[in-house]
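Counting starts at 1 for both ligands and their atoms, in listed order.
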Amino acid sequence: MVIWQAERPLYLLFINCSNNKPGNPTTPMLNHLNRSFAVYIFSYLLVSAVHGQQQRAPSAHTLRDRFRDDFMIGTAVNARQVQERIPMETQLLATQFNAITPENVMKAQSLQPRWNSFNFEQADQLIEFSKKYHMNVNAHTLIWHSQLPRFVRSLQTADSLKLFMSNHINTVAGRYYGKVQSWDVVNEALNEDGTLRKSVFYDKLGENYIIEAFRLAQAATPGTDLYYNDYNNEKPAKRAGCIEIIKKIQAAGVKIDGVGIQGHWHLGQLPIKDIEESILQYAALGLKVAITELDIEVLKRNFQGAEISQRMNSDPSLDPYKESLPDSIQQRLAEDYDALFKLFVKHKDKIARVTFWGVHDGQSWLNGWPVAGRTNYPLLFDRQYRPKPAFYKVIDSE
Ligand code: G3I
């Protein structure tokens with residue numbers, strides 16, 4: 001037993017060294033991370049020896065290596081992470097992923113807090129981080145009914161809202177032209193039944209606001225992949241509404257390159273058939289498909305998807321794994337992720353990217369939604385940045 005525990009930190013060091021080759025652009029950064037790693041490994045050996053935890057033998061692959069020939073493998077990142085505040089976290093991020101999505105710093109609320117007054121500090125840091133670690137940026141999101149600057153809701157006329165849209169898209173997409181690989185141009189514009197969601201945009205500008213948003217983005221950032229992004233758009237009714245939006249954009253002669261299926265799914269309830277059918281139907285429209293916000297919820301909640309305005313009252317039965325996740329749930333989570341990645345690899349010719357909505361369990365929005373202050377475990381790495389059984393299932397999936 002002790003022998004194995006000696007290997008685990010070695011795994012982390014191995015991953016570290018495997019990327020630490022002469023000529024590898026990230027080497028100098030990794031050397032610095034190595035030093036702080038040594039301290040970490042020593043303390044880790046000590047803790048592991050004391051705790052005598054059961055663990056699986058290490059794997060030689062990283063996610064970015066394993067899927068190098070299949071699709072980009074990404075993660076949502078927050079401001080602290082691109083400021084590299086925690087070396088272990090930066091290490092994990094830099095070695096496992098080759099694409100990043102801004103979890104919040106490129107949303108309108110963050111970028112344009114007041115009319116025509118922009119704050120690009122954190123978004124610019126994210127771009128610099130992506131250059132430093134040679135990662136693609138999948139920018140998120142230009143037009144969304146949520147996390148809007150307060151002033152937008154007080155705009156009285158259609159013309160002033162149109163002016164907001166054109167000024168925001170031209171300024172933001174123009175600034176990051178050539179620095180990002182794709183934009184989620186419009187996010188979550190549909191209801192579950194496939195009809196258009198009522199929003200400040202729909203109410204004042206009608207359904208054409210979606211086509212106009214893509215037209216503006218096409219002009220402001222030519223050549224950048226433009227996506228429509230939503231949750232539950234793998235379900236038949238919402239998929240039909242999504243396809244209708246796509247066809248209207250295409251019929252207007254406006255560019256759209258891909259569809260984002262967010263992928264906020266539930267343990268043991270993966271809609272594998274719907275996901276496969278959606279990949280096929282969206283690809284049949286000539287579009288790339290991306291899984292843009294992948295996580296698998298392991299705690300109870302009585303609705304699917306990611307409607308941020310929905311909430312549940314806190315209750316101890318809704319937060320049963322405060323200390324750790326039982327092995328039985330770890331295994332079920334591993335099987336679910338294995339099933340998903342088998343499907344993604346099967347359709348790798350249609351899938352451009354798979355992005356997790358967070359690097360590790362500690363970062364996940366699912367710790368605070370729909371119940372505040374829960375301890376959730378929806379991702380591949382735990383709160384100590386260690387790979388979970390699900391990571392090995394995904395890495396070893398054929
Ligand atoms: O920045 C403020 C901070 O100043 C303040 O002290 C703190 C306390 O309230 O709030 C901070 O803002 C929070 C923001 O995340 C940044 O951390 C907001 O309250 C919180 O609501 C916001 O949550 C984000 C959520 O979108 C908002 O809708 C989550 O981090 C983010 O993961 C989530 O991501 C969305 C995707 O964009 C679209 N699809 C669904 C997905 C999950 O909801």
CZ/Arg153: more than 12 non-hydrogen atoms of other groups inside 6.0 Å: yes

Residue, atom name and distance, where the atom is the protein heavy atom closest to [atom]:
atom	value
atom 41 (C) of ligand 1	Glu293 OE1, 3.4 Å
atom 31 (C) of ligand 1	Glu103 OE2, 3.5 Å
atom 26 (O) of ligand 1	Lys107 NZ, 3.1 Å
atom 34 (O) of ligand 1	Trp357 NE1, 3.2 Å
atom 30 (O) of ligand 1	Asn104 ND2, 2.9 Å
atom 22 (C) of ligand 1	Gln147 NE2, 3.9 Å
atom 38 (C) of ligand 1	Glu188 OE2, 3.2 Å

Side chains of [X] and [Y]: closer than 4.5 Å at any heavy-atom pair?
X	Y	result
Thr101	Thr75	no
Lys288	Asp225	yes
Lys322	Arg374	no
Asn116	Asn167	yes

Would you say [atom] makes contact with the protein, given that contact here means a non-hydrogen protein atom less than 4.0 Å away?
atom	result
atom 1 (O) of ligand 1	no
atom 11 (C) of ligand 1	no
atom 36 (C) of ligand 1	yes
atom 18 (C) of ligand 1	no
atom 4 (O) of ligand 1	no
atom 28 (O) of ligand 1	yes
atom 15 (O) of ligand 1	yes

Specify side chain, backbone, both or neither for Asn78, according to which of its non-hydrogen atoms lie closer than 4.0 Å to ligand 1. neither

I need the contact type for Trp369 against ligand 1. Using non-hydrogen atoms and a strict under-4.0 Å cut-off, is it side chain, backbone, both or neither?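 Near ligand 1, Trp369 shows nothing, with every heavy atom at 4.0 Å or more.
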
Under a 4.0 angstrom heavy-atom cut-off, which atoms of ligand 1 come close to [X]?
X	result
Ala306	40 (C)
His140	36 (C), 37 (O), 38 (C)
Asn187	38 (C)

Is the closest side-chain donor-acceptor distance between Thr157 and Asp159 under 3.5 Å?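 Side-chain D/A pair, Thr157 to Asp159: absent.
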
Distance-only polar pair, side chains of Ser182 and Asn138, donor-acceptor under 3.5 Å: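 A donor-acceptor contact under 3.5 Å links the two side chains.
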
Take every heavy atom of Tyr231, measure it against each atom of ligand 1, and state whether any distance is under 4.0 Å. no

Whether the side chain of Asn98 engages the backbone of Met135 through a donor-acceptor N/O pair (distance < 3.5 Å, no angle test) should be reported.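 Side chain of Asn98 to backbone of Met135, a donor-acceptor pair under 3.5 Å: no, none is there.
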
Does Glu212 pair with Lys162 as a salt bridge, N-O distance under 4.0 Å?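 Salt bridge: no.
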
Between [X] and [Y], does the ring centroid distance fall short of 6.0 Å?
X	Y	answer
His264	Tyr231	no
Phe71	Phe67	yes
Tyr202	Tyr209	no

